[in-house]
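Numbered from 1 within each chain, the chains take letters A, B, ... in sequence-line order. Atom set for the values below is all heavy atoms of this structure, side chains included, hydrogens, waters and symmetry mates excluded.
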Protein chains: 2
Amino acid sequence: MLLSKSCVYGLRAALYLAAKKNGEYHSLREMSEELEISFHFLTKILQQLTADGLMESYKGPNGGVRLSRKGGNATLFDMVIAIDGPGLFTQCALGLPGCGSQEPCPLHESWVDTRSSIENMLKKTSLTKIAEEGKEKHFRLTADGQFSW
Amino acid sequence: MLLSKSCVYGLRAALYLAAKKNGEYHSLREMSEELEISFHFLTKILQQLTADGLMESYKGPNGGVRLSRKGGNATLFDMVIAIDGPGLFTQCALGLPGCGSQEPCPLHESWVDTRSSIENMLKKTSLTKIAEEGKEKHFRLTADGQFSW
DNA sequence: AAATTAAAAGACAAATTACTCTTAAATATT
DNA sequence: AATATTTAAGAGTAATTTGTCTTTTAATTT
Ligand code: SF4
Ligand code: SF4
C-alpha cells in the first residue's frame, strides 16, 4: 500500500473540510458518520493534523475541527508527510539505507524517477482545488458513493 | 511503504540469483548470510516464489533454490505481484473500492497516471538486465555494501 | 541402512498498524 | 453553579506484518 489507512482517512477528512470551505468547525461525530470512518480513530488522526498545524480545533458545543490557514493552502503532499512521514519519498526500492548517497544500484535511476513522479503528483495537487473539482463533478468520498458535498 | 519487507527481501534474493546466472542451486543459508536477511524469514518468502513458479528448489545436499525459466525472464513487476499481490496496481488513492469503475474523483486522473508509472517502471525492468548492470557497476545489495557479485 | 544436508511446513512470538474505550479538559448553555 | 457538548489524551484490544523455532520430508553421502 502506498498510503497507510490513517493517511487515507486523513485525506478524506481534509477533503471534506475543504469542500465545506467557509471556515466553520465541523464535529468529528458528523465527519465520522458521513465519511464512514470510526469516530475514535478519526479523532486520533485529526489530532495529528491539528498538532501539525494543518487543522485547528475548538472544544465545546458547536466545536469541531476546520482547516487552518496553512491547511487550506496545503497539498496532498503536506497531508501525507504529516501522517505517514517522509518515508515514501526517502526510502529505497531495495530497502537499503541512504538511498543515492552511496554507490547506487541499477534500480536507482528508474526508482528515483517514479518516486519523484509520486511526489510531484502529490505536491501539485492542492486540497482546495480537488475539493472544488469534487463538488463540480460529484465525486464520491465514501465507498457507497452516498456522501454528498 | 511502496513494497512490503517481504517483497524487498524477495527482490534482493531474486537479484542475487540472477547475478549468479548459471542455473545452479544456491542454499538459503548462503543467501540469507550474504544478503543479511533472516534465514527462516527468507525461506518463507522464497517458498512463495517457488510456489508461484518463479523459482525452483531442490532438497538435500547441494540443494537450494534457483530461478526457474519463468523466473529468469521475469520482471520486477512479476516478483511484486507474486509477493505483495496486485493491490498496489488496483487500489485507489482514497481507499475506495472499485477504482475507476464508478464515478471517479478528481484525484483519479493524476492517481491513475502515477500508479501506472510505477507499474510501467516495474514491468520494463527485467531481473537479469538489472543483475548485469549491477555486476558491471558494482552496486550494493546489502546495507553495508559488503556484498560482492 | 544410517547419517547428513537442505528445503517445506507449521506453530509460535514480537512488532507494528489499525481500531476501541474510558477519562479528562475546555467551552457553551441553562 | 450545574449540565451538556465536544475535543484531547491515554490505555487497552484486535489484526496484520514481520520474524523465530521446531518438526517433517526429500535427497545425498557414507
Ligand atoms: S541506488 Fe537502488 S538500492 Fe541504492 S539506494 Fe537507490 S534505489 Fe536503493
Ligand atoms: S476516482 Fe479517485 S477515489 Fe475513485 S477510485 Fe479512482 S482514485 Fe479512488
Side-chain angles (χ1 to χ4, degrees), chain A residues 1-13 16-17 24-68 71 80 82-85 87-88 91 95, chain B residues 1-13 16-17 24-68 71 80 82-85 87-88 91 95:
Chain A
M1 262 196 314
L2 201 70
L3 306 177
S4 72
K5 286 207 161 195
S6 295
C7 193
V8 164
Y9 294 160
L11 280 179
R12 300 232 302 258
Y16 179 94
L17 291 174
E24 278 166 12
Y25 289 109
H26 291 266
S27 84
L28 289 169
R29 183 65 65 185
E30 166 200 329
M31 295 175 64
S32 72
E33 279 168 9
E34 290 217 57
L35 295 174
E36 295 168 0
I37 300 170
S38 145
F39 169 72
H40 291 286
F41 195 32
L42 183 60
T43 296
K44 290 291 175 203
I45 297 163
L46 296 200
Q47 273 171 29
Q48 283 184 260
L49 293 176
T50 60
D52 208 69
L54 290 164
M55 293 185 181
E56 44 201 25
S57 66
Y58 199 81
K59 290 179 181 175
N62 301 316
V65 297
R66 67 181 179 194
L67 291 173
S68 67
V80 171
I83 298 177
D84 278 349
L88 182 59
Q91 280 170 12
Chain B
M1 261 198 312
L2 201 70
L3 305 177
S4 72
K5 285 207 160 195
S6 295
C7 192
V8 165
Y9 293 161
L11 280 179
R12 301 232 301 260
Y16 180 95
L17 291 173
E24 278 167 13
Y25 289 107
H26 292 267
S27 82
L28 288 170
R29 183 64 66 185
E30 165 199 329
M31 295 175 65
S32 72
E33 279 167 9
E34 291 216 56
L35 295 175
E36 296 166 0
I37 300 171
S38 145
F39 169 73
H40 290 286
F41 195 33
L42 184 59
T43 296
K44 291 289 175 207
I45 297 162
L46 297 199
Q47 271 170 30
Q48 285 183 258
L49 292 176
T50 59
D52 206 69
L54 290 164
M55 294 184 178
E56 46 201 24
S57 65
Y58 199 81
K59 290 178 180 175
N62 302 316
V65 297
R66 68 181 178 194
L67 290 173
S68 66
V80 171
I83 298 176
D84 278 349
L88 182 58
Q91 281 168 11

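To the nearest 0.5 Å, the span separating CG on A:Leu3 from CD1 on A:Ile83 amounts to 9.0 Å. Distance CG/A:Leu54 to CG/A:Leu67: 8.5 Å, rounded to 0.5 Å. Between atom CE of residue B:Met1 and atom SG of residue B:Cys7 there is a gap of 10.0 Å, rounded to the nearest 0.5 Å. Distance check: A:Asp84 CG to A:Ser4 OG gives 3.5 Å after rounding to the nearest 0.5 Å.
One interatomic measurement links the two molecules: CG of B:Leu46 to C1' of D:dT18, which rounds to 15 Å at whole-angstrom precision. Look at OH on A:Tyr25: it is 12 Å from C1' on D:dT6, rounded to the nearest Å. Atom pair A:Glu56:CD and D:dT6:P shows a separation of 18 Å (rounding to whole Å applied). Across the protein-nucleic acid pair, A:Leu28 atom CG and D:dA9 atom C1' stand 14 Å apart, rounded to whole Å. The CD atom of A:Glu33 sits 11 Å away from the P atom of D:dT6 (whole-angstrom rounding). Nucleotide D:dT6 holds its P atom 16 Å from the CZ atom of A:Arg66, rounded to whole Å. Whole-Å rounding puts the A:Gln47 CD to D:dG10 C1' distance at 10 Å. Between the P atom of D:dA4 and the CZ atom of A:Arg29 lies a distance of 17 Å, rounded to the nearest Å.
Residues passing the side chain to side chain donor-acceptor pair (under 3.5 Å) test with B:Ser57: none are found, sequence neighbours excluded. A:Tyr58 pairs by the side chain to side chain donor-acceptor pair (under 3.5 Å) definition with nothing, not counting sequence neighbours.
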Subject >> Nucleic acid footprint by protein, nucleotides 19-29 of chain D - heavy-atom cut-off 4.0 Å, B for base, S for sugar-phosphate alone >> reply: BBBB--BBBS-
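Of all heavy-atom pairs spanning A:Leu35 and A:Ala13, the tightest one is CD1-CA, 3.7 Å.
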Could you give the side-chain donor-acceptor pairs of residues 25-32 of chain B under 3.5 Å, partners two or more places apart or in another chain?
{"from": "B:Tyr25", "atom 1": "OH", "to": "B:Arg66", "atom 2": "NH2", "distance (Å)": "3.4"}
{"from": "B:His26", "atom 1": "ND1", "to": "B:Glu30", "atom 2": "OE2", "distance (Å)": "2.9"}
{"from": "B:Ser27", "atom 1": "OG", "to": "B:Glu30", "atom 2": "N", "distance (Å)": "3.1"}
{"from": "B:Glu30", "atom 1": "OE2", "to": "B:Tyr16", "atom 2": "OH", "distance (Å)": "2.5"}
{"from": "B:Ser32", "atom 1": "OG", "to": "B:Leu28", "atom 2": "O", "distance (Å)": "3.2"}
{"from": "B:Ser32", "atom 1": "OG", "to": "B:Arg29", "atom 2": "O", "distance (Å)": "2.9"}

Distance-only donor-acceptor hits, side chain of residues 42-53 of chain B, under 3.5 Å, sequence neighbours excluded:
{"from": "B:Thr43", "atom 1": "OG1", "to": "B:Phe39", "atom 2": "O", "distance (Å)": "2.9"}
{"from": "B:Thr50", "atom 1": "OG1", "to": "B:Leu46", "atom 2": "O", "distance (Å)": "3.4"}
{"from": "B:Thr50", "atom 1": "OG1", "to": "B:Gln47", "atom 2": "O", "distance (Å)": "2.9"}

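Interface limits on DNA chain C: the 5'-most and 3'-most nucleotides within less than 4.0 Å of chain A heavy atoms are C:dA18 to C:dA28.
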